[in-house]
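Below, chain A is the first sequence line, B the second, and so on; all start at residue 1. Below, each value reflects all heavy atoms present in this structure, side chains not excepted, and no hydrogens, waters or symmetry copies.
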There are 2 protein chains.
Amino acid sequence: MPRPASARPNLPRQEIRLSVDTIVFSLEGPELRVLLVRRPVEPFAGREAIPGGFAEEGESLDAAAKRVLETETGLRDVYLEQLYTFGDPRRDPRGRVVTVAYIALVRPPAPTPRDGRWATLAALPALAFDHARILEYALQRLRYKLEYTPVGFRLLPEEFTLKGVQDAYETILGRSLDKRNFRRKLLSLHVLRPLARSARVGAHRPARLYRFDEQKWEGLKEKGNVFVF
Amino acid sequence: MPRPASARPNLPRQEIRLSVDTIVFSLEGPELRVLLVRRPVEPFAGREAIPGGFAEEGESLDAAAKRVLETETGLRDVYLEQLYTFGDPRRDPRGRVVTVAYIALVRPPAPTPRDGRWATLAALPALAFDHARILEYALQRLRYKLEYTPVGFRLLPEEFTLKGVQDAYETILGRSLDKRNFRRKLLSLHVLRPLARSARVGAHRPARLYRFDEQKWEGLKEKGNVFVF
DNA sequence: ACAAAAGTGTTGCAAGTACACCCATGC
DNA sequence: GCATGGGTGTACTTGCAACACTTTTGT
């Protein structure tokens with residue numbers, strides 16, 4: 001329930017609206033995908049866009065991102081991080097809309113929300129507003145971040161094989177990595193807990209399953225041994 | 001001149017205000033300093049704060065940061081980059097204010113604006129709002145960024161000595177660096193243009209002057225040889 | 001000649017890269 | 001027994017860290 005503006009004498013009148021939009025990434029098939037929703041109304045009616053909505057009175061930006069994402073797509077308990085704020089005055093034809101963009105990473109199997117689809121990066125349609133630019137920026141950040149922090153695990157199932165991690169990295173970075181070197185480096189961080197169970201799929205030796213160890217990772221962060229942005 | 005909200009049927013009413021605040025860093029003495037201004041009015045009247053103001057209708061966020069900074073402090077032609085957006089609903093007692101924070105780096109000699117002062121990090125006063133947190137975040141970003149990109153040159157005079165660069169780095173990072181290793185690494189980037197002239201100060205051998213070569217730096221960025229955030 | 005800062009190379013270590021074969025399982 | 005992907009070690013290269021002396025100038 002917004003108080004009238006007159007109750008806030010020090011605050012100027014502004015015709016600026018604040019929206020919170022999220023680029024949602026997931027790995028599906030062996031491809032990096034982005035969640036797009038189709039706009040039912042003008043402007044850009046019929047075009048696809050990244051999910052988003054307007055911030056409400058009493059909520060923080062993080063909370064708004066979470067709420068909007070759940071409302072629009074049904075996705076919950078996903079990794080969310082603020083990306084950048086886009087404020088060009090002409091980016092929305094309706095008027096002045098400033099968008100705080102977030103990145104979300106969801107684990108497979110990622111449900112497909114109604115009115116949404118998982119688009120591959122190779123076959124992106126024309127997007128509404130300046131969403132193409134936002135997406136490009138998000139992708140760049142994801143790639144950079146992947147090299148310094150184990151953010152990639154947020155795109156994997158809770159239990160995964162080393163091969164799975166490597167495939168994910170290769171997909172996102174768009175280049176192939178040496179198996180032995182990759183495994184050595186990954187294990188040398190000591191943030192993976194091997195499980196007793198293995199993944200039995202196909203006519204070949206089953207691969208050991210691992211879990212990401214949040215605690216050890218937090219420990220490393222606190223000791224400043226890692227780059228975290 | 002804002003159009004009435006009724007002309008924008010698709011935009012919701014929002015009582016959210018958008019401010020753009022900037023953490024201004026400079027090197028003075030041999031210390032990293034932050035520009036603080038004293039608040040003349042409530043809330044937090046008399047307290048010091050980082051300079052900032054409200055965004056206007058037709059301007060981009062970058063433009064707003066530039067304008068506000070010049071209006072409040074008289075500083076122009078400084079390096080500006082967006083830091084993060086802070087949107088906790090209780091961060092301003094007047095109501096909902098979302099702040100897009102920027103970092104600015106200014107070269108010496110940095111003029112001291114009226115109603116402002118350059119505070120050292122060692123002796124920071126209690127700041128208004130959540131500005132202490134914003135400042136802490138900015139400092140962290142500055143330090144990280146220094147290690148991957150030559151932002152540091154934005155804090156130096158146009159012409160500088162290698163010693164000058166090293167002093168700057170040591171100040172900001174808070175640790176001492178090996179002279180030979182530092183020089184080798186810096187020169188190996190090939191982004192410094194040595195000048196014929198030298199800096200003659202004091203009873204000892206004068207040091208060669210250098211300039212930062214923006215062009216070569218842009219070239220490296222495009223080739224993807226460098227980490228740029 | 002001496003005080004003061006500028007400038008300069010080498011060695012050891014750690015991390016990264018390149019590279020090829022045996023192992024366990026299902027069919 | 002063979003096809004399929006899982007799992008492992010070693011040599012080379014490169015970048016980073018540690019370390020001390022000579023050079024140039026002003027006084």
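Among the nucleotides C:dA18, D:dG7, D:dT25, the one closest to any side-chain atom of A:R205 is D:dG7. Closest contact between the side chain of B:R183 and the listed nucleotides C:dG9, C:dT17, C:dA6 involves C:dA6. The nucleotide whose nearest atom lies closest to any side-chain atom of B:N181 is, among C:dG26, C:dG9, C:dC19, C:dG9.
For the pair A:A203 and A:L187, both in contact range of DNA chain D, the more 5′-proximal nearest nucleotide belongs to A:A203. Residue-to-nucleotide proximity on DNA chain C shows that, of B:R180 and B:A207, the 5′-proximal contact is made by B:A207. Mapping B:R184 and B:T161 onto DNA chain C via the closest heavy atom, the residue that lands nearer the 5' end is B:T161.
One interatomic measurement links the two molecules: CZ of A:F182 to P of C:dC19, which rounds to 19 Å at whole-angstrom precision. When the C1' atom of C:dA5 is taken as reference, atom CZ of B:R200 falls 15 Å away, rounded to whole Å. With rounding to whole Å, B:L189 atom CG is found 10 Å from D:dC16 atom P. B:E147 places its CD atom 15 Å from the C1' atom of D:dG15, with the value rounded to the nearest Å. Rounded to an integer number of Å, the gap from A:L177 CG to C:dA15 P is 19 Å. Put simply, CG on B:D178 is 13 Å from C1' on C:dT11, counting in whole angstrom units.
Evaluation of atom-type donor-acceptor distances gives no pair under 3.5 Å for the side chain of A:K185 against the base of C:dG16. Judged by distance alone with a 3.5 Å cut-off, a donor-acceptor contact links the side chain of A:K179 to the base of D:dG7.
A donor-acceptor contact closer than 3.5 angstrom links the side chains of A:D21 and A:S19. Judged purely by distance below 3.5 Å, without hydrogens or angles, the side chains of B:T99 and B:R91 pair a donor atom with an acceptor atom.
Salt bridge A:K66/A:E59: absent, no basic N to carboxylate O contact under 4.0 Å.
Of the residues listed (A:L142, A:I23, A:L80, A:L27), the one engaging A:L105 in a side-chain contact (heavy atoms from CB on, under 4.5 Å) is A:L142, and it is the only one.
When atom types are taken as modelled, the side chain of B:E170 and the backbone of B:L177 share a donor-acceptor pair closer than 3.5 angstrom.
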